[in-house]
Amino acid sequence: MDHGERRERLGELAPDLLDELDSEDEEDEQVLSDLPNVDNYDEVRMRAAPNPNGPWHIGHARMPAVIGTYKEMYDGSFIVRFDDTDPETKRPDLDAYDAILDDIDYLGFEPDDVLRASDRLDIYYDHARELIENGGAYTCSCTGEAFSELKNSGEPCPHRDKDPETTMTEFEALVDGEYSSGEMVLRVKTDIEHKNPALRDFVAFRVIDTPHPREEAEKYRLWPMLDFQSGIDDHLTGVTHIIRGIDLQDSAKRQQFVYDYFDWEYPEVVHWGHVQIDEYGVKMSTSTIKQLIAEGELDGWDDPRAPTIKSLRRRGIRGEAIVESMVGLGTSTSNVDLAMSTVYANNRELIDDDAPRYFLVRDGVELPLSGGPDAGHPPIHPDHEERGNRTIPAGDAVLVEPSDVPQSGERVWLKGYGCVRYEDDALEYVGDDIDVVRNEGVDVIHWAPAEENVSVTMRTTEGDVAGRAEPDFGDATVDDAVQFERVGFVRVDSQDDDEAVTYFSHD
RNA sequence: GCUCGGUUGGUGUAGUCCGGCCAAUCAUCUUGGCCUUUCGAGCCGAGGACAGGGGUUCAAAUCCCCUACCGAGCACCA
């Protein structure tokens with residue numbers, strides 16, 4: 001029995017099962033693996049916890065793409081929580097908060113709530129106090145080096161046995177700003193002999209002398225470390241599923257100690273590996289990009305050479321295409337490479353059907369033309385005759401790309417116009433019988449009028465390219481995705497009289 | 001050094017928990033053909049993978065052990 005026969009048979013025997021089979025088929029669309037233990041929760045709730053130190057690079061799209069997709073799969077929710085708890089070494093960039101939310105919006109997702117950790121210091125302090133009362137934390141004035149040495153040999157530091165009252169007093173002094181950076185920290189008491197040294201008595205709070213850039217938070221000096229802050233917030237905001245990188249593999253184990261003190265249930269965790277993106281010479285890290293912009297190597301976050309979401313956006317890559325590509329990577333713990341060709345393939349599928357066609361001649365060579373009709377009329381879209389045809393006036397001369405100039409005596413087909421022969425440095429019309437293309441191997445090329453055309457700058461990942469487009473390209477409006485035939489898809493970035501700027505999307 | 005994790009075609013992924021219907025899925029990629037006045041799309045076809053070695057088993061991508069390679073943590077970064 002082949003598939004069809006089996007279906008038919010099943011339909012006779014058990015129509016119910018067939019319905020079930022069909023609905024399963026529809027859900028074959030599911031691209032991500034199931035989240036663990038979803039049934040144990042009323043609602044799947046997730047969070048993205050970006051550090052607002054700049055707009056997002058492409059890799060950052062993975063988090064909203066994945067949790068946004070899970071949100072749709074499970075009818076769940078997700079929040080964005082800015083983990084901006086280091087005013088110094090990971091100093092937040094005030095513009096980045098909105099830039100990141102804007103990027104998430106571009107990807108097509110809307111967070112159910114947006115929080116800033118720097119608004120929540122008092123909450124963290126309160127939980128620290130409770131932890132201290134429970135004997136789960138102690139103030140420690142060891143230098144990092146000294147503590148590390150003790151810790152690595154599994155020995156407690158002298159401050160570990162402090163009574164909670166002393167710790168509490170010292171903690172309040174920390175909160176009140178009576179210590180400077182480096183003098184005192186609050187540690188969570190875990191297991192100083194834990195076989196994994198990474199889990200032994202980690203720092204929960206430290207003093208940072210540099211004020212936070214946000215006005216609302218500039219008064220604070222005592223800042224929680226990620227593992228403490230994030231652990232508290234995940235619980236308080238009802239997060240049921242945490243998705244994070246393998247660099248945070250030990251976080252859950254550390255935070256588990258805190259959760260145990262509070263008698264909380266730890267959320268489900270999924271770890272994924274790092275993403276690398278091919279095709280970019282520029283290193284993909286926010287700080288590197290920031291530096292290149294500062295040095296003038298890149299024009300800005302949306303420079304076509306920058307590996308950022310803002311750049312892809314300006315290049316006309318739809319958020320949906322980025323999301324599909326990211327979701328396609330799945331959530332495996334091994335590191336993955338994302339090929340930009342996948343993103344481009346996804347985007348092409350989204351824009352191809354709508355993109356009108358135009359000719360753009362790069363580095364045009366001007367060739368006199370004689371003997372033919374006044375104009376060429378190629379279709380606006382080859383699959384949609386109803387959209388009509390363009391009009392490209394031929395005039396007395398046309399532009400063609402240098403590599404398209406035929407050998408002397410040879411013919412070439414100017415698309416939408418007809419066949420011409422190249423002789424004595426000029427083109428002469430020789431007819432409109434398409435059979436020469438079909439049977440005689442005449443090449444079809446694109447062209448533009450030498451007189452009446454639109455000057456176009458096409459910005460690409462490799463630099464700017466100058467060209468001339470056919471006059472009808474003037475009909476394209478800013479933000480349109482169009483295809484320059486034989487060149488590739490571009491997004492129209494600006495359009496003034498006879499001057500246009502386009503950003504190259506992909507071929 | 002201590003600890004934790006990973007390795008399926010060029011790339012990514014499904015399958016691994018609960019061994020058999022996996023001579024391994026899907027996409028991208030490369031490629032042949034059809035169609036086409038380009039590119040793309042579409043249609044038909046092709047290419048290409050279970051890191052290596054042992055073991056358990058009637059049966060292993062799947063379980064166990066070893067090796068190799070890759071990665072992560074051991075921060076007063078996130």
Side-chain angles (χ1 to χ4, degrees), chain A residues 28 30-33 36 49-53 82-86 88-92 117 140 142-145 147-148 151-154 181-187 194-200 202-208 223 225-227 229-230 244-251 253-254 271 273-275 278 324-346 348-349 351-353 355 357 359 376 378-379 381-383 404 413-419 432 434-438 442-446 483-489 506-507:
Chain A
D28 257 352
Q30 175 176 333
V31 269
L32 287 171
S33 342
N51 178 338
N53 62 344
F82 290 103
D83 282 354
D84 53 350
T85 55
D86 183 349
E88 203 166 85
T89 52
K90 295 239 164 147
R91 187 168 179 78
C140 170
C142 293
T143 63
E145 221 171 73
F147 185 84
S148 175
K151 181 201 66 184
N152 285 334
S153 49
S181 173
E183 290 179 348
M184 180 83 81
V185 298
L186 184 76
R187 287 187 188 283
H194 197 286
K195 66 173 182 171
N196 185 347
L199 307 187
R200 299 172 188 166
F202 59 92
V203 173
F205 285 85
R206 83 298 204 192
V207 174
I208 293 175
W223 289 89
M225 298 288 288
L226 173 81
D227 281 324
Q229 172 264 122
S230 170
R244 62 179 158 214
I246 45 174
D247 48 331
L248 264 26
Q249 274 174 123
D250 292 331
S251 272
K253 294 170 189 162
R254 275 200 278 253
H271 291 286
H274 300 286
V275 199
D278 68 352
E324 281 171 12
S325 310
M326 285 297 172
V327 165
L329 294 180
T331 54
S332 87
T333 49
S334 38
N335 293 347
V336 297
D337 289 314
L338 172 64
M340 282 308 290
S341 60
T342 305
V343 179
Y344 298 151
N346 285 330
R348 191 151 45 223
E349 198 164 321
I351 65 175
D352 179 56
D353 200 58
R357 271 57 175 166
F359 291 157
H381 196 297
D383 298 337
D404 285 335
W413 186 284
L414 299 181
K415 188 176 169 177
Y417 183 77
C419 189
D432 63 352
I434 193 60
D435 283 344
V436 300
V437 170
R438 290 184 173 139
V442 170
D443 288 332
V444 175
I445 65 168
H446 60 288
Q483 187 196 63
F484 284 139
E485 299 192 45
R486 298 182 69 219
V487 174
F489 292 90
H506 45 72
D507 56 18

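All values below were derived from every heavy atom in this structure, side-chain atoms included, with hydrogens, water molecules and symmetry-related copies excluded. Since we're looking at a predicted model, the values are computed, not measured. Here is how names work: the chains are called A, B, and so on, in the same order as the sequence lines, proteins then strands, and each is numbered from 1.
- The nearest whole Å value for the distance from the CZ atom in A/Arg244 to the C1' atom in B/G5 is 15 Å.
- Here the closest non-hydrogen pair linking A/Ile445 and A/Arg486 is CA-NH1, 3.3 Å.
- Under the Watson-Crick or G-U wobble criterion, with both distances below 3.5 Å, B/C21 is left unpaired in every strand shown.
- Closest non-hydrogen pair, A/Thr85 versus A/Ile208, comes out as O-CD1, 4.3 Å.
- Using a 4.0 Å heavy-atom cutoff across all strands shown, A/Arg348 reaches sugar-phosphate atoms only and no base atom.
- Put simply, CH2 on A/Trp223 is 19 Å from C1' on B/A75, counting in whole angstrom units.
- A/Gly416 comes within contact range of at least one nucleobase, with a heavy-atom separation under 4.0 Å.
- Nucleotides of RNA chain B nearest to A/Thr331 and A/Asn346 differ in position, and the one nearer the 5' end is that of A/Thr331.
- One finds no side-chain N or O of A/Thr85 lying less than 4.0 angstrom from the OP1 or OP2 phosphate oxygen of B/C77.
- In this structure, of B/C39, B/G12, B/C74, it is B/C39 that holds the atom nearest to the side chain of A/Pro382.
- Taking atom C1' on both nucleotides, B/A24 is separated from B/G48 by 13 Å, rounded to a whole Å.
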Take A/Asp404 and A/Asp443, measure what side-chain contact (heavy atoms from CB on, under 4.5 Å) needs, and give me the verdict at the end. CA-CA 9 Å; A/Asp404 285 335; A/Asp443 288 332; over 6 Å; no
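- The pairing partner recorded for B/U57 is none, the criterion being a Watson-Crick or G-U wobble arrangement whose two distances lie under 3.5 angstrom.
- With P as the reference atom, B/C17 and B/C65 are 14 Å apart, rounded to whole Å.
- Nucleotides B/G19 and B/A59, compared at atom C1', are 8 Å apart to the nearest Å.
- If you check every strand for non-hydrogen atoms under 4.0 Å, A/Val185 touches a base.
- Residue A/Leu248 is in base contact, counting any heavy-atom pair closer than 4.0 Å across all strands shown.
- Nearest to the side chain of A/Pro197, among B/G73, B/A72, B/C29, sits B/G73.
- Each of B/C74, B/C39, B/G73 was ranked by its minimum atom distance to the side chain of A/Gln483; first place goes to B/C39.
- Closest approach to the A/Phe489 side chain among B/U3, B/A72, B/G40 is made by B/G40 (side chain taken as heavy atoms from C-beta onward).
- In terms of heavy-atom proximity, A/Val436 sits nearest to A/Cys419 at CG2-SG, 4.0 Å.
- For A/Ser341, the side-chain atoms get nearest to B/C29 when compared with the rest of B/A78, B/C29, B/U37.
- Between B/U67 and B/C26, the distance separating the two C1' atoms is 33 Å to the nearest Å.
- Nearest approach of A/Arg187 to A/Cys140, heavy atoms of both residues: NE-SG, 3.4 Å.
- Under the Watson-Crick or G-U wobble criterion, with both distances below 3.5 Å, B/A14 has no partner in any strand shown.
- In this structure, B/A78 forms no base pair with any nucleotide, since neither Watson-Crick nor G-U wobble geometry is met with both distances under 3.5 Å.
- The CG atom of A/Asp443 sits 14 Å away from the C1' atom of B/C39 (whole-angstrom rounding).
- Per the geometry, CD belonging to A/Glu485 stands 14 Å off P belonging to B/A41, to the nearest Å.
- Following rounding to the nearest Å, A/Leu338 (CG) and B/U11 (P) show an atom-to-atom distance of 14 Å.
- The environment of A/Glu349 atom CD is sparse: at most 12 non-hydrogen atoms of other residues, nucleotides or ligands sit within 6.0 angstrom.
- Base contact: A/Asp383 has a heavy atom under 4.0 Å from a base atom.
- For B/G71, its base never sits under 3.5 Å from the side chain of A/Asp247 at any donor and acceptor pair.
- Dashed line: the shortest gap from a side-chain N or O of A/Lys195 to OP1 or OP2 of B/C4 is under 4.0 Å.
- Regarding contacts with the backbone of B/C39, every side-chain N or O of A/Lys415 stays at 4.0 angstrom or more from both OP1 and OP2.
- The side chain of A/Ser33 contributes an N or O atom lying less than 4.0 Å from OP1 or OP2 of B/A14.
- With C1' as the reference atom, B/G15 and B/A61 are 8 Å apart, rounded to whole Å.
- Between A/Ser332 and B/U13 there is a side-chain polar atom (N or O) within less than 4.0 angstrom of OP1 or OP2.
- Checked against B/G71, B/G12, B/C77, the side chain of A/Val336 finds its nearest nucleotide in B/G12.
- Using C1' as the reference atom, B/C69 and B/U8 are 16 Å apart when rounded to the nearest Å.
- Using a 4.0 Å cut-off between charged side-chain N and carboxylate O, A/Arg357 and A/Asp352 make a salt bridge.
- Comparing atom distances between the A/Leu226 side chain and each of B/U11, B/U7, B/A78 picks out B/A78 as nearest.
- Salt-bridge check for A/Asp86 with A/Arg206: passed, with a basic side-chain N closer than 4.0 Å to an acidic carboxylate O.
- Rounded to whole Å, the separation between the P atoms of B/C50 and B/C39 comes to 36 Å.
- With B/U37, B/G6, B/G40 as the candidates, the nucleotide lying closest to the side chain of A/His381 is B/G40.
- For A/Arg206, the side-chain atoms get nearest to B/C77 when compared with the rest of B/U37, B/C77, B/U11.
- Both distances falling under 3.5 Å, in either a Watson-Crick or a G-U wobble arrangement, place B/A51 opposite B/U67.
- If you check every strand for non-hydrogen atoms under 4.0 Å, A/Leu329 touches sugar and phosphate atoms only.
- Here the closest non-hydrogen pair linking A/Lys415 and A/Pro378 is O-CG, 4.4 Å.
- Residue contacts for A/Asp352: at a heavy-atom cut-off of 4.0 Å it reaches a base atom on one of the strands shown.
- Between the CG atom of A/Leu199 and the P atom of B/G73 there is a distance of 14 Å, given to the nearest Å.
- When the P atom of B/A72 is taken as reference, atom NZ of A/Lys253 falls 16 Å away, rounded to whole Å.
- When rounded to the nearest whole Å, the span between CZ of A/Arg187 and C1' of B/C74 equals 13 Å.
- Pairing partner, B/C2: B/G73, with both Watson-Crick or wobble hydrogen-bond distances short of 3.5 Å.
- Comparing B/U62 with B/G6, their C1' atoms are spaced 16 Å from each other, to the whole Å.
- Backbone-only engagement by A/Met225 is indicated by non-hydrogen atom pairs under 4.0 Å involving sugar-phosphate atoms exclusively.
- Under the Watson-Crick and G-U wobble criteria, each requiring two contacts below 3.5 Å, nucleotide B/C43 is paired to B/G33.
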Please list, pair by pair, any protein nitrogen or oxygen found under 3.5 Å from a nitrogen or oxygen in nucleotides 61-70 of chain B.
none

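- Among the heavy atoms of the strands, none lies under 4.0 Å from A/Cys419.
- Comparing B/U11, B/C74, B/C77 by their closest approach to the side chain of A/Ala198 singles out B/C74.
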